[in-house]
Amino acid sequence: MTGTDTATALERATLDKAARENFPVAPFFLPRAWRTDLMAVYGFARLVDDIGDGDLAPGGADARVLGVHPERADDRLAVLDAFEADLRRVFDGTPHHPLLRRLQPTVRRRGLTPEPFLGLIAANRQDQLVTRYETYDDLRAYCELSANPVGRLVLAVTGTATPERIRRSDAVCTGLQIVEHLQDVAEDLGRDRIYLPAQDMKRFHVQESDLAAPSAGASVRALVAFEARRARDLLNEGAPLVGSVHGRLKLLLAGFVAGGKAAVRAIAAADFDVLPGPPKPGKLQLLREAGTTLRGEG
């Protein structure tokens, strides 16, 4: 396989995952220039998550391209460090990884700064070192790194960032992250990660062993319902972001908010039992929520 073939394969292995995400990445109705730049940002965000989760394509090609010694190709912190070094080359040199080379024109065209990208790397580095969160505030601080930069990048790419929109976007992104954590309780436990605050687990008399059961008992359901209300409140707090923009961007942002609200409804419809697998909303529910969001209704 030639170097060009390898680069193309690395890009496709990551970018093809966009179709399987819970949210629209770069839908057809957006202007082509926005779609191009949003896919470049997605490629970065998806790859850094795959590094942090140990979900890179087998064979170690990504680590090799980043200059990581083959003996350390499975060392997630080492790969994240190399990825951060390559990100910095996006801003002052020539990056090695093809997804970062794809990102470079977007960064220059949109005047993007390193901070949101570094936040996403820091979140995945934190995932290697921190597997439990004592308080809700601790979890919110993690979401500042793991989720909020994505919304800020969307606003930057579309040229619509203002302090108020960023505040609303942060609420939406944190709400979406909490919803995803609720959907993925069992999967995260398999990675020895728990994103339910320990304080709340104690309040609802939930032990870690309860999360390993095939289905949730009353205490776990009550805890999940409590966290789902928090997520819903955050999505409601951020929803006015949709009404603050116009045109096709309004449709995109409505899709984000509606996806989160529909997921919360799906969790409730499962009687808050998330342990058998992630409750997912159907397309009809998503469309209903999108309509409600576009009309500015609760």
Side-chain angles (χ1 to χ4, degrees), residues 1-22 25-26 36-108 112-133 142 145-147 149-150 153 177 180-181 184 186-195:
M1 183 179 288
T2 68
T4 300
D5 290 339
T6 298
T8 301
L10 287 177
E11 284 189 283
R12 290 268 56 91
T14 298
L15 296 178
D16 286 351
K17 295 179 181 181
R20 303 197 294 273
E21 298 290 354
N22 288 332
V25 174
T36 297
D37 291 338
L38 289 172
M39 281 303 295
V41 168
Y42 170 78
F44 173 91
R46 181 69 270 159
L47 181 59
V48 72
D49 276 358
D50 285 349
I51 295 171
D53 290 340
D55 288 338
L56 292 175
D62 290 284
R64 202 159 46 246
V65 166
L66 291 169
V68 177
H69 192 280
E71 292 182 0
R72 303 194 69 192
D74 293 328
D75 182 338
R76 298 178 194 178
L77 286 172
V79 180
L80 286 168
D81 288 345
F83 192 57
E84 179 176 331
D86 210 30
L87 169 68
R88 294 187 185 279
R89 285 189 280 271
V90 169
F91 293 89
D92 61 12
T94 303
H96 300 161
H97 199 285
L99 285 170
L100 293 180
R101 290 200 297 271
R102 174 186 286 260
L103 180 64
Q104 192 169 49
T106 293
V107 163
R108 292 174 174 170
L112 305 182
T113 64
E115 284 73 25
F117 300 104
L118 291 170
L120 294 171
I121 293 174
N124 279 276
R125 192 176 280 124
Q126 186 166 313
D127 276 335
Q128 315 311 309
L129 305 171
V130 180
T131 59
R132 307 290 189 277
Y133 291 86
Y142 168 75
L145 299 173
S146 67
V150 176
L153 284 166
Q177 180 77 92
E180 184 177 341
H181 288 160
D184 294 342
E187 179 183 332
D188 289 333
L189 187 65
R191 301 180 190 271
D192 191 30
R193 298 176 187 167
I194 296 177
Y195 296 103

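The residues D55 and R191 are annotated as salt-bridged, a charged nitrogen and a carboxylate oxygen being separated by less than 4.0 angstrom. Ion pairing of R132 with D192 is present here, as a side-chain N (NZ or NE/NH1/NH2) and a carboxylate O approach within less than 4.0 Å.
When all heavy atoms of L99 and G43 are compared, the pair lying nearest together is CD1-O, 3.8 Å. In terms of heavy atoms, T14 sits closest to Y42 at O-CE2, 3.8 Å. Taking every heavy atom of both residues into account, Q128 and L80 meet most closely at CG-CD1, 4.3 Å. In this structure, A57 and D62 approach most closely via the heavy-atom pair N-OD2, 4.3 Å. Among all heavy-atom pairs drawn from H181 and D188, the shortest one is O-OD2, 4.1 Å. The two residues Q177 and S146 have their closest heavy-atom pair at OE1-OG, 2.7 Å.
Although no hydrogens or angles enter the test, the distance criterion places no donor-acceptor pair under 3.5 Å between the side chain of E84 and the main chain of A122. A donor-acceptor pair under 3.5 Å is formed between the side chain of D86 and the backbone N or O of H96.
Side-chain contact check for L120 versus V150: some heavy-atom pair is nearer than 4.5 Å. Inter-residue side-chain proximity for I121 and I51 is flagged as unmet; no heavy-atom pair is nearer than 4.5 Å. Within the 4.5 Å cutoff, no side-chain heavy atoms of T94 are placed close to those of R89. H97 places none of its side-chain heavy atoms less than 4.5 Å from the side chain of L103.
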* To do: Please lay out, stage by stage, how I194 and L189 fare under the test side chain to side chain contact (heavy atoms under 4.5 Å, CB included).
  => CA-CA 6 Å; I194 296 177; L189 187 65; 3.9 Å; yes

* To do: Please step through side chain to side chain contact (heavy atoms under 4.5 Å, CB included) for the pair R88 and L118, ending with a clear verdict.
  => CA-CA 9 Å; R88 294 187 185 279; L118 291 170; 3.7 Å; yes

* To do: Apply side chain to side chain contact (heavy atoms under 4.5 Å, CB included) to the pair V25 and R46, showing each step before the final yes or no.
  => CA-CA 11 Å; V25 174; R46 181 69 270 159; over 6 Å; no

* side chain to side chain contact (heavy atoms under 4.5 Å, CB included) between F83 and N124, intermediate numbers included -> CA-CA 11 Å; F83 192 57; N124 279 276; over 6 Å; no

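If you take CZ on R193 and CG on D184, they are separated by 11.0 Å, rounding to the nearest 0.5 Å. Separating the CZ atom in R76 from the CG atom in D81 is a distance of 14.5 Å, to the nearest 0.5 Å. Between E11 atom CD and R101 atom CZ the span is 7.5 Å, to the nearest 0.5 Å.
Note on ring orientation: taking the six-membered ring where Trp is involved, the planes of F117 and F44 are perpendicular (angle over 60°, cut-offs 30° and 60°).
Residues meeting the salt bridge (Lys or Arg N to Asp or Glu O under 4.0 Å) test with D92, sequence neighbours left out: none.
Other residues, nucleotides and ligands place more than 12 heavy atoms under 6.0 Å from the CD atom of E115. Counting heavy-atom neighbours within 6.0 Å of R72 CZ, excluding the residue itself, gives a total of 12 or less.
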